[in-house]
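Predicted model only: the values in this text are computed from it and were never measured. Letters A, B, ... are given to chains in the order of the sequence lines, protein chains preceding strands, and every chain is numbered from 1.
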Amino acid sequence: MSQIGIVIQREYLTRVRKPSFIILTLLMPVLFVGLIVGTIYLSKLNAGEIKHIVVVDETKEYLPVLQNTDQYHFIEAEEGFQDFRKNSDEDIYATLIITGDLLQDPSALTLYSRKQVVGGTIETITSQLNKYLSDKKINSYNIPELKDILEKSKISVKMQTIRWDDSGKESESSAEAAMSIGMIFTFLIYLFIFSYGGMVMSGVLEEKTNRIVEVMVSSVKPFDLMMGKLIGIGFVGLTQFGLWGILITGFTLTGATLFSGTEAFANIETVLASGNILILCLYFVLFFIGGYLIYASLFAAIGAMVNSQEDTQQFMMPISVFIGFAFYAGFYSSQNPDGPLAFWTSFIPLTSPIVMMTRLPYGVPWWELVLSIGLLIITVILIIQLTAKIYRIGILMYGKKPSFSEIMKWLKY
Amino acid sequence: MIFLETKNVIKQYSGHLALDKVSIQVPEKKIFGLLGPNGAGKTTLIRIINRITAPDSGEVFFKNRPLEANDVYNIGYLPEERGLYKKMKVGEQAIYLARLKGLSAKEAESRLKIWFQKFDIQNWWNKKLEELSKGMQQKVQFITTVVHDPELMIFDEPFSGFDPLNAESLKNEILELKEKGKTIIFSTHNMASVEEICDEIALIKSSQVVLNGNVTEIRNRFKNHIFKIQTTSENFRLENNTGEIIDSQKTYNGYLFRVKSLIERTNSEFLSSLLVNNEILSFEEEIPSMNDIFIQLVSEKK
């Protein structure tokens, strides 16, 4: 095996075998799917607890109108209102006082409670009363079948959104799905580039502070050492992504059979079935490799320049600003995927991997993709050449932090 | 035969000349001492020999041909700034380092097992490095330096961090390697160990080689014509202006004088001139220690 291969192997295996990696890789999909399944399950449960509302109805007209629901039970008041005010019976959630004819005075009702009532409570009471009152009002006009007429006159349009591609073919598009998928991938690629880039930096720094680096470079060329580290850790990232993909798909399919028919899962199924997800994953891998190599090689150079973790801050700053800007641009582009910010930042190689992940679910013209990827590849090659020079000299430099002009000199060696 | 040779090696760092036309010749199967004060350029020279850095000009010859990339497989290097992966298991990282020096995984493991047995540290194999004491780590480091059985070994300050007992066993290990026919470059500040184990030396001062050659020959070259002479009487008589008493002290059976001979003559001639007037118990010429020579040369102004 070539030396670079041996280095890749070590970098990969030592990280993949770490308990923290295994736990995180297994736990994330469980958390992710668990969150979705949990939300659906809880919403089906309907909160469980029954809330009692005492009704003091002076008109005696409205009490029968208020029907018990799964969540709210209405109880007729036996004593006067003042007693409820003092009585802090825990079972009573709220007290509804109706003082007059609501058709005459729509504000003749008040809800008293000890705790702030939730929107659902108000909604339950008002919707029931509104329906009753409007029926009553309609009936008062004495026009036969007026109610049916009004019912039929209620019209609500249902719009389908369909996208045309260049050949004129139709594809159903869901703007919401595209947006959420874009966001998830944007967040993922940001997270991956940042955390695996950081891993490269601490790996370089570890070798430098351990002083093993001098032993290493006596048998491996510094360039091979750096590339071995970049590639090895990159593979760790891809492994994690791959495992997450497999696990999440597996869990989701299991969940889908368990919860099939529910609305939320129908959404997920359409998203998964659209087939785009696989292509998106491929682009994710491609853009991750590009973005990761750019940022991780910069991180490697930083790790080589400094002597301790504390010293990294100063050099990290500009890079963090860039990657943060890229994340912001990606986030913003999800609302305006064809706007100028999205357009230009998807060509700048420092931002393109992140922004492109947002735009891809909406569809990106092929020439933009080719240009973006082409620029990314060229930049990766250039940046690696530059950072390798800094790395080569930096790893053997101990003592004080190098100044900017010294680093410029290293680039000329 | 010369195993390794540098010819007029020049290396410049930003604004500072680290090596100025440095030429050394390391004979085969000998221990070669590379001496010099801190910052003289020893480490730079060693890095050039290891192909870690390239010289600005000048050449390095390995077995009489220019040094090539693959020659690093034939060099074992124990740097002064040394270390290993703290979180990695001892056996695993020893195999890793051996593979980087060109051994197959299988070969590396079987050779390492033999070394671990020799040092009686087999039970460290599955321990993480950080669990070992510093001296133990140095042993592991030494093994990783020699496991690929290189013909040339370079030890930069090998004794730092060792207690006297371990330093002694390391010294014996180095001598054993020499007996096996290895060529060894040995950089140290410990002049006593230079006298003990080095055959040849080169002294680098301010980026230049100021002294080189055989250790015994150099020590003889630096003789100051000072003699230790023991007599029975406290009155030591010298012929007029032929010598000068530097120091004297009483010993259990006589008197010991340090005498500097002021005229050119053989030791026999000097001794016979003394025999006339003194009862000589012992007569010995002082050969300067490497330590003396080092201090003398390094403190000399240019």
Side-chain angles (χ1 to χ4, degrees), chain A residues 1-15 17-21 202-225 228-229 232 307 389 391-400 402-403 405-413, chain B residues 11-15 43-44 46-54 56 69-89 92-105 108 128-130 137 140-142 144-145 147-148 150 152-154 156 161:
Chain A
M1 198 187 280
S2 70
Q3 291 195 314
I4 193 165
I6 299 169
V7 176
I8 291 172
Q9 197 184 24
R10 189 200 89 88
E11 298 294 339
Y12 181 77
L13 287 178
T14 51
R15 285 180 175 79
R17 283 186 307 203
K18 265 190 197 164
S20 55
F21 175 83
S202 52
V204 171
L205 198 58
E206 181 203 4
E207 282 177 357
K208 193 178 172 183
T209 49
N210 268 355
R211 311 272 159 141
I212 194 177
V213 72
E214 183 136 4
V215 179
M216 297 294 299
V217 290
S218 72
S219 32
V220 190
K221 272 186 263 143
F223 182 78
D224 288 355
L225 189 60
K229 195 172 274 297
N307 293 304
K389 282 184 180 177
Y391 177 83
R392 196 185 68 198
I393 295 165
I395 46 171
L396 293 173
M397 288 281 173
Y398 293 103
K400 78 174 187 46
S403 67
S405 61
E406 275 173 293
I407 294 165
M408 284 293 120
K409 262 184 213 146
W410 293 359
L411 288 176
K412 284 183 212 142
Y413 276 138
Chain B
K11 178 76 188 177
Q12 186 137 19
Y13 285 121
S14 44
T43 302
T44 306
I46 288 174
R47 282 180 179 171
I48 285 170
I49 295 170
N50 275 303
R51 293 181 67 93
I52 292 173
T53 39
D56 296 341
N70 278 343
D71 290 330
V72 295
Y73 294 141
N74 217 346
I75 300 177
Y77 175 38
L78 183 69
E80 183 179 6
E81 300 284 7
R82 50 185 167 253
L84 295 164
Y85 292 105
K86 288 198 170 64
K87 304 267 177 211
M88 221 173 155
K89 283 179 182 164
E92 205 178 317
Q93 68 178 312
I95 290 177
Y96 174 58
L97 292 171
R99 287 178 71 196
L100 289 176
K101 282 291 189 184
L103 292 185
S104 72
K128 281 187 182 168
L129 188 89
E130 58 189 357
Q137 295 183 11
V140 176
Q141 188 107 45
F142 177 80
T144 61
T145 311
V147 66
H148 56 293
L152 175 66
M153 305 198 186
I154 301 172
D156 198 352

With a 4.5 Å limit on heavy-atom distance, are the side chains of [X] and [Y] in contact?
{"X": "B/I52", "Y": "A/L396", "result": "yes"}
{"X": "A/Q9", "Y": "B/Y96", "result": "no"}
{"X": "A/S218", "Y": "B/V72", "result": "no"}
{"X": "B/R51", "Y": "A/K221", "result": "no"}

Looking at B/H148, B/Q93, B/R47, which makes the most heavy-atom pairs under 4.5 Å with chain A?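 Heavy-atom pairs under 4.5 Å are most numerous for B/R47.
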Could you point out which residue of B/L97, B/I75, B/L100 forms a side-chain contact (heavy atoms from CB on, under 4.5 Å) with A/S219?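 Only match with A/S219 under side-chain contact (heavy atoms from CB on, under 4.5 Å): B/L100.
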Heavy-atom cut-off 4.5 Å, strictly under: side chain, backbone, both or neither for [X] against chain B?
{"X": "A/T14", "answer": "side chain"}
{"X": "A/V220", "answer": "side chain"}
{"X": "A/V213", "answer": "neither"}

For B/Y73, is it the side chain, the backbone, both, or neither that has a heavy atom closer than 4.5 Å to a heavy atom of chain A?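 Contact with chain A is through the side chain of B/Y73 alone.
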Please state whether the side chain, the backbone, both or neither of B/Q141 comes within less than 4.5 Å of a heavy atom of chain A.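 The answer is the side chain of B/Q141.
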Holding to salt bridge (Lys or Arg N to Asp or Glu O under 4.0 Å), I want the full list of residues that pass it with B/K87, two or more places apart in sequence or in another chain.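 Result, salt bridge (Lys or Arg N to Asp or Glu O under 4.0 Å) vs B/K87: B/E130.
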With sequence neighbours excluded, what pairs up with A/K229 under the side chain to side chain donor-acceptor pair (under 3.5 Å) test?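 Partners of A/K229 under the side chain to side chain donor-acceptor pair (under 3.5 Å) test: A/E11, A/E207.
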State the CD1-OG1 distance between A/I212 and B/T144, to the nearest 0.5 angstrom.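 Going from the CD1 atom of A/I212 to the OG1 atom of B/T144 covers 8.0 Å.
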Value rounded to 0.5 Å, distance of CD in A/E214 from CG in B/D156: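 Going from CD on A/E214 over to CG on B/D156, the span is 7.5 Å.
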B/E92/A/R10 ion pair, N-O < 4.0 Å: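 No, B/E92 and A/R10 are not salt-bridged.
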